[in-house]
Amino acid sequence: MHVLQSDASITPQPAPSRSRSPQPRGRAIVVTSGKGGVGKTTTTANLGTALAQRGSRVALVDADVGLRNLDIVLGLENRVRHHVLDILEDRVSIEDAVVADKWSPTLHLLAAAQAREKDDVDTDRMRELVAQLCERYEYVLIDSPAGIEKGFQNAVVGADEAIVVCTPEVSAVRDVDRVVGLLGSRFTPQLIVNRVRPALVKKGKMLSVEDVNAILRLPLLGVIADEPDVIVAANKGEPLALRADSPTGAAFRAIAARLSGEETPAPTVSLEPDGFFGKLTSLFGGRRSK
């Protein structure tokens, strides 16, 4: 497990005339939506994997106390020994609780408690925990539970950025719109439209990305097609972001590049029938749609 050394543990002392630059604070990003079943956990796992594959130090935090699933999607369920509440209640350290990923050495998971309730989480302590993780990692992705009650509050309290995941359904759009309102002026979330079926969009039987964002008017981070392999990969605990032959994996890698500051277009899918779910193209060019 990767542990950052403190200056005190380094024997040679710096020259008096030179100062040591502080470690930059990591970015705390909550992945949320309001509605359940839209793919928040899959998005968190794949985006975290894609960022780690780029060499970044990444911590994934499962904030869905009582219903944890992030460990399963990552294939780490057998490695979990401690959870978030063990840290918040001072039973173990962060270093003892995080689980190293099987595929990416710079990716770590902090699992949720399975046999506890969301009301057991002290929100202030959760904020402190995220701040501590940001001292150790470049990215801290927080997987928010469904709903807008205590679990949502615990997930967003330490975040300074948000990604909202929305499927092309009226109910999902409505719930995301509510979440955006709750986030208020703290930050403007970025949008991932998930589980798009180009054939249904083309026939007018599914909302298009333009339809979704005509209501939400958020910066578009990317679009993910409804690829059958997403479910297979989740059941196997192997994120598609690891696969070079997966359009979904390519989309998550492009999203990770955008988060990292690269000037690359937001990934989406074409409505044309050529290729598996259509080829990756650009939509909105990364600008905010108003």
Side-chain angles (χ1 to χ4, degrees), residues 1-2 26-33 36-64 67-80 98-112 133 137-145 155 163-167 190-196 221-260 262 264 266-269 276-277 280:
M1 178 175 60
H2 178 75
R27 297 165 61 183
I29 306 173
V30 63
V31 181
T32 186
S33 70
V38 299
K40 292 186 296 292
T41 298
T42 301
T43 296
T44 303
N46 278 279
L47 185 53
T49 297
L51 287 167
Q53 289 289 305
R54 295 173 59 84
S56 297
R57 299 186 305 278
V58 183
L60 305 183
V61 180
D62 192 340
D64 197 355
L67 293 171
R68 79 180 189 216
N69 285 304
L70 190 52
D71 57 322
I72 296 175
V73 175
L74 291 165
L76 299 176
E77 63 272 23
N78 293 329
R79 297 188 180 189
V80 175
V98 294
V99 178
D101 185 54
K102 296 187 296 186
W103 315 102
S104 306
T106 59
L107 178 65
H108 294 95
L109 166 70
L110 181 51
L133 290 170
Y137 298 91
E138 295 169 82
Y139 294 92
V140 179
L141 302 186
I142 306 156
D143 185 19
S144 176
I163 294 171
V164 290
V165 180
C166 186
T167 52
Q190 298 188 78
L191 173 67
I192 292 178
V193 183
N194 194 30
R195 296 180 181 166
V196 174
L221 194 54
V223 180
I224 306 294
D226 191 14
E227 184 178 350
D229 280 354
V230 171
I231 296 176
V232 176
N235 289 337
K236 293 173 63 177
E238 298 178 6
L240 286 177
L242 295 167
R243 287 180 45 181
D245 62 343
S246 167
T248 295
F252 278 116
R253 291 191 294 274
I255 291 171
R258 287 169 61 80
L259 273 182
S260 300
E262 288 191 13
T264 184
T268 187
V269 291
F276 188 64
F277 285 119
L280 290 173

Check: [Y] main-chain N/O paired with [X] side-chain donor or acceptor under 3.5 Å:
X	Y	value
Arg57	Tyr137	no
Asn69	Leu67	yes
Asn46	Ala241	yes
Asp229	Val232	no
Asp62	Leu70	yes

What closest approach, in Å, do [X] and [Y] show between heavy atoms, and which atom pair accounts for it?
X	Y	value
Ala111	Val80	CB-CG1, 3.8 Å
Ala63	Pro145	O-CD, 3.8 Å
Thr264	Ala254	CG2-O, 3.9 Å
Pro239	Leu74	CG-CD2, 4.0 Å
Leu242	Trp103	CD1-CG, 3.5 Å
Leu191	Cys166	CD1-CB, 3.9 Å

Pairing residues for [X] by the side-chain hydrogen bond (donor to acceptor under 3.5 Å, both in side chains) criterion, not counting sequence neighbours:
X	value
Ser56	none
Thr49	none
Glu262	Arg54
Gln190	none

Scan the side chains in residues 36-44 for donor-acceptor partners under 3.5 Å anywhere in the protein, sequence neighbours excluded, and list what turns up.
residue : atom : partner : partner atom : Å
Lys40   : NZ   : Ser33   : OG           : 3.3
Lys40   : NZ   : Lys35   : O            : 3.0
Thr41   : OG1  : Asp143  : OD2          : 2.7
Thr43   : OG1  : Gly39   : O            : 2.8
Thr44   : OG1  : Lys40   : O            : 2.8

Exercise. Knowing that exactly one of Val61, Ile163, Leu107, Leu51 qualifies, which makes a side-chain contact (heavy atoms from CB on, under 4.5 Å) with Leu141?
Worked result: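 Passing option: Leu51.
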
Problem set entry | Results of side-chain contact (heavy atoms from CB on, under 4.5 Å) for Arg27 - residues two or more places apart only |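 With sequence neighbours excluded, Arg27 shows a side-chain contact (heavy atoms from CB on, under 4.5 Å) to Ile29, Tyr139, Glu161, Leu259, given in chain and number order.
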
For this session: Go through the structure and list residues passing side-chain contact (heavy atoms from CB on, under 4.5 Å) with Ile231, not counting sequence neighbours.
Result: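 Applying side-chain contact (heavy atoms from CB on, under 4.5 Å) to Ile231 gives Asn235.
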
Problem set entry | Pairwise distance CG(Asn194) to CD1(Ile224) - rounded to 0.5 angstrom | 6.0 Å

Exercise. How long is the span from the CG atom in Asp71 to the CZ atom in Arg79, to the nearest 0.5 Å?
Worked result: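 It comes to 12.0 Å.
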
Are the side chains of [X] and [Y] in touch, meaning some heavy atoms are under 4.5 Å apart?
X	Y	value
Leu60	His108	no
Ile255	Leu221	yes
Ile142	Val140	yes
Asp101	Leu109	no

Problem set entry | Pair listing, salt bridge (charged side-chain N to carboxylate O under 4.0 Å, His left out) test, anchored in residues 245-257, at least two apart | Arg243-Asp245

For this session: Just jot down the salt bridge (charged side-chain N to carboxylate O under 4.0 Å, His left out) partners of Arg195, sequence neighbours excluded, or say none.
Result: none

Exercise. Considering residues, nucleotides and ligands other than Lys102, do more than 12 of their heavy atoms fall under 6.0 Å from its NZ?
Worked result: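 Yes.
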
